[in-house]
Amino acid sequence: MAKIIDGKKISSDIKDEVKSEVEALNKKGIRVSLAVVLVGDDPASAVYVRNKKKACEYCGIRSISHELPGDTSEETLIKLVDELNADPEVDGILVQLPLPGHIDEKKVTDRILPEKDVDGFHPVNVGRLSMGDPGFVSCTPQGIIELLKRSDISIAGKECVVIGRSNIVGKPLAMLLLRENGTVTVCHSRTSDLKEVSKRADILCAAIGKTEFVTSEYVKEGACVIDVGINRGEDGKLKGDVAYDDVLPHVSAITPVPGGVGPMTIACLMKNCLIAAKRKAGE
Ligand code: NDP
C-alpha cells in the first residue's frame with residue numbers, strides 16, 4: 001500500500017515549531033516580522049497573500065502589509081523595497097509575484113537584500129545554495145525536502161529525477177536533492193525519451209505545470225512520486241502534474257494535490273522568516 005504523504009499535517013507541525021521558537025525569541029525581546037508587498041488586484045495573488053498573513057498570525061510573526069495599486073510604477077516599488085531593506089524592524093521581505101507587466105520582476109526581487117530575501121530568489125542566495133553555503137532557499141523545494149525527510153524517505157544514493165527546470169522549483173530542488181546526496185537528473189521540454197529517464201527514478205518530482213501529465217508509464221514500480229503541480233482542472237478542481245489514480249497502485253509513496261506540496265511552501269516561508277530574525281539577532 002502506498003504511503004500518502006500528508007503535507008497538511010507536516011506543514012502544520014513546522015508552523016507549530018516556528019511558533020514555539022518565535023515565542024522563545026519574544027521572551028528575549030526579539031520580534032519577528034515580514035513585510036508583504038502586493039501590487040494590483042490579481043485574485044489568486046490576493047488569496048496567496050491572505051494565506052501568508054494568516055500563517056504569520058498563527059506563528060506570532062508580525063506581517064506588515066503594503067498593498068499598492070496595479071498602476072504603481074517600477075520606480076515607486078523599488079523605492080519601497082529600499083525602505084524595507086533599510087528598516088531595522090523588517091526581517092523578511094516578500095514581493096508577491098506575478099507583478100503587473102510594466103514592472104521588471106527580476107529588477108525588483110534582485111533589489112531585496114539577500115539577508116531579507118525569505119523567498120530565496122536573490123542571485124546571492126541561489127549562488128549560496130549551489131555552493132552549499134547557508135542562505136535562503138526557495139520555499140517550495142525546501143518544503144519538498146522536509147516532506148521526504150519527515151516521511152522517512154531517504155534521499156542519499158537514490159536516483160532522483162526532477163521534471164522541470166524553473167528558477168523557483170526545478171533548479172533549486174535539483175540542488176537540494178544533490179545536497180542530500182541524491183543522484184540527480186533534471187528533465188525539461190527538450191528531454192528526449194522523458195518516459196525512459198523518469199522510469200529510472202526512485203524519487204520522481206514533477207514540476208511541469210501540465211495537468212496529470214505523469215502517468216504510470218513514467219513511473220518505476222515502488223518509486224516515490226512528488227507532485228508539485230497546481231493546475232485548475234476543467235471542473236474547477238485543483239489537479240496535480242501527476243495522474244494520481246493511475247500512478248497510485250505503482251508507487252511506494254506519493255503526495256496528493258491538494259494537501260501535499262502546496263501547504264509546505266507557506267510553512268517554509270515562516271521558517272525562513274524565523275531564520276532571518278535569528279540571524280539578525282545573532283542567535
Ligand atoms: P514553469 O512553467 O516555470 O516551468 C515548467 C517546467 O516544466 C519547465 O522547465 C519546462 O521545460 C518543463 N516542461 C513543460 N512541458 C514539459 C514537457 N512536455 N516535458 C518535460 N518538461 C516540460 O513552472 P513552475 O516551475 O513555476 O511550476 C511548475 C508547477 O508547479 C506548476 O503547476 C505550478 O503551479 C506549480 N507550483 C506549485 C507550487 C506550490 O506551492 N506547490 C509553487 C510553485 C509552482 P522548459 O524549461 O524546457 O520550458
Side-chain angles (χ1 to χ4, degrees), residues 18 22 25 30-129 135-143 166-172 209 230 232 262 265-281:
V18 171
V22 169
L25 286 179
I30 302 163
R31 312 251 150 234
V32 185
S33 57
L34 171 70
V36 182
V37 180
L38 174 66
V39 184
D41 51 11
D42 175 56
S45 293
V47 172
Y48 286 132
V49 163
R50 197 159 57 235
N51 289 339
K52 286 169 186 173
K53 287 192 205 157
K54 264 200 326 222
C56 281
E57 202 177 315
Y58 180 81
C59 295
I61 295 173
R62 183 165 73 112
S63 64
I64 309 155
S65 188
H66 292 269
E67 295 188 6
L68 309 176
D71 60 358
T72 299
S73 69
E74 189 178 281
E75 198 189 350
T76 305
L77 182 57
I78 286 190
K79 195 163 157 275
L80 173 62
V81 170
D82 286 344
E83 283 165 16
L84 298 172
N85 280 337
D87 187 342
E89 291 287 304
V90 172
D91 297 301
I93 302 171
L94 180 144
V95 176
Q96 183 63 45
L97 303 180
L99 290 169
H102 64 280
I103 298 176
D104 180 346
E105 281 184 359
K106 189 160 158 44
K107 219 165 154 184
V108 175
T109 51
D110 283 5
R111 192 78 173 203
I112 297 170
L113 277 180
E115 305 84 76
K116 296 193 179 190
D117 168 40
V118 284
D119 259 335
F121 294 162
H122 193 284
V124 166
N125 282 319
V126 175
R128 284 176 180 153
L129 170 63
F136 287 111
V137 178
S138 178
C139 300
T140 304
Q142 191 187 146
S166 70
N167 288 334
I168 62 162
V169 188
K171 281 188 211 157
I230 301 180
R232 190 69 66 183
T265 302
I266 292 183
C268 288
L269 174 68
M270 298 299 105
K271 223 177 147 182
N272 280 352
C273 292
L274 173 67
I275 292 169
K278 280 167 77 174
R279 282 189 188 145
K280 196 180 78 186

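No hydrogens, no waters, no symmetry mates; every other heavy atom, side chains included, goes into these values.
- Closest non-hydrogen pair, Ser166 versus Pro172, comes out as O-CD, 3.6 Å.
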Please list, one pair per line, the donor and acceptor atoms closer than 3.5 Å that link side chains of residues 33-44 to other protein atoms, with sequence neighbours excluded.
residue: Ser33; atom: OG; partner: Glu89; partner atom: O; Å: 2.3
residue: Asp42; atom: OD2; partner: Ser45; partner atom: N; Å: 3.0
residue: Asp42; atom: OD2; partner: Ser45; partner atom: OG; Å: 2.8

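- Annotation: salt bridge (Lys or Arg N to Asp or Glu O under 4.0 Å) contacts involving residues 106-118, sequence neighbours excluded, comprise Glu74-Lys107, Asp82-Arg111, Lys106-Asp110.
- Pairing each heavy atom of Pro100 with each of Gly70, the nearest pair is CG-O, 3.6 Å.
- In this structure, Ser73 contributes its side chain and Thr76 its backbone to a donor-acceptor pair below 3.5 Å.
- Atoms SG and CZ, on Cys273 and Arg62 in that order, are 12.5 Å from each other to the nearest 0.5 Å.
- A donor and an acceptor atom, one from each side chain of Lys271 and Gln142, are nowhere located under 3.5 Å apart.
- Without hydrogens or angle criteria, Ser138 side chain to Ile168 main chain gives a donor-acceptor distance under 3.5 Å.
- Applying the salt bridge (Lys or Arg N to Asp or Glu O under 4.0 Å) rule to Asp87 yields no partners; only residues at least two apart in sequence or on another chain are considered.
- Considering CG of Leu77 and CG of Leu99, their distance stands at 6.0 Å, rounded to 0.5 Å.
- Here the shortest heavy-atom pairing between Arg128 and Gly135 reads CD-CA, 4.0 Å.
- At a threshold of 4.0 Å, the pair Lys53-Glu57 does not count as salt-bridged, since none of the basic side-chain nitrogens sits closer than that to a carboxylate oxygen.
- A donor-acceptor pair under 3.5 Å is absent between the side-chain atoms of Asp91 and the main chain of Ala276, judged by distance alone.
- Qualifying salt bridge (Lys or Arg N to Asp or Glu O under 4.0 Å) partners for Glu105, counting only residues two or more places apart in sequence or in other chains: none.
- Closest non-hydrogen pair, Gly60 versus Val22, comes out as O-CG1, 3.4 Å.
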Exercise for the section: Before giving the answer on side-chain contact (heavy atoms from CB on, under 4.5 Å), spell out for Ser63 and Lys52 the whole-Å C-alpha distance, their side-chain angles and the decisive distance to 0.1 Å. Expected result: CA-CA 9 Å; Ser63 64; Lys52 286 169 186 173; over 6 Å; no
Exercise for the section: Decide yes or no on side-chain contact (heavy atoms from CB on, under 4.5 Å) for Phe121 and Leu97, but give the supporting numbers first. Expected result: CA-CA 11 Å; Phe121 294 162; Leu97 303 180; 3.9 Å; yes
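- The CG atom of Leu269 sits 13.5 Å away from the OH atom of Tyr48 when rounded to the nearest 0.5 Å.
- Going from atom CD1 of Ile103 over to atom CG of Asp71 covers 9.5 Å, rounded to the nearest 0.5 Å.
- Checked options Leu84, Ile93, Asp119; the residue passing with Ile112 is Ile93 (criterion: side-chain contact (heavy atoms from CB on, under 4.5 Å)).
- The main-chain N or O of Pro88 is found under 3.5 Å from a side-chain atom of Lys280 such that the two form a donor-acceptor pair.
- Of the possible polar contacts, none joining the His122 side chain to the Phe136 backbone as a donor-acceptor pair under 3.5 Å is found.
- For Glu75, the salt bridge (Lys or Arg N to Asp or Glu O under 4.0 Å) test picks out no residue, with sequence neighbours left out.
- Applying the salt bridge (Lys or Arg N to Asp or Glu O under 4.0 Å) criterion to Lys171, with sequence neighbours excluded, gives no partner residue.
- Of the possible donor and acceptor atoms, one in the side chain of Asn272 sits under 3.5 Å from a partner among the backbone N and O of Val118.
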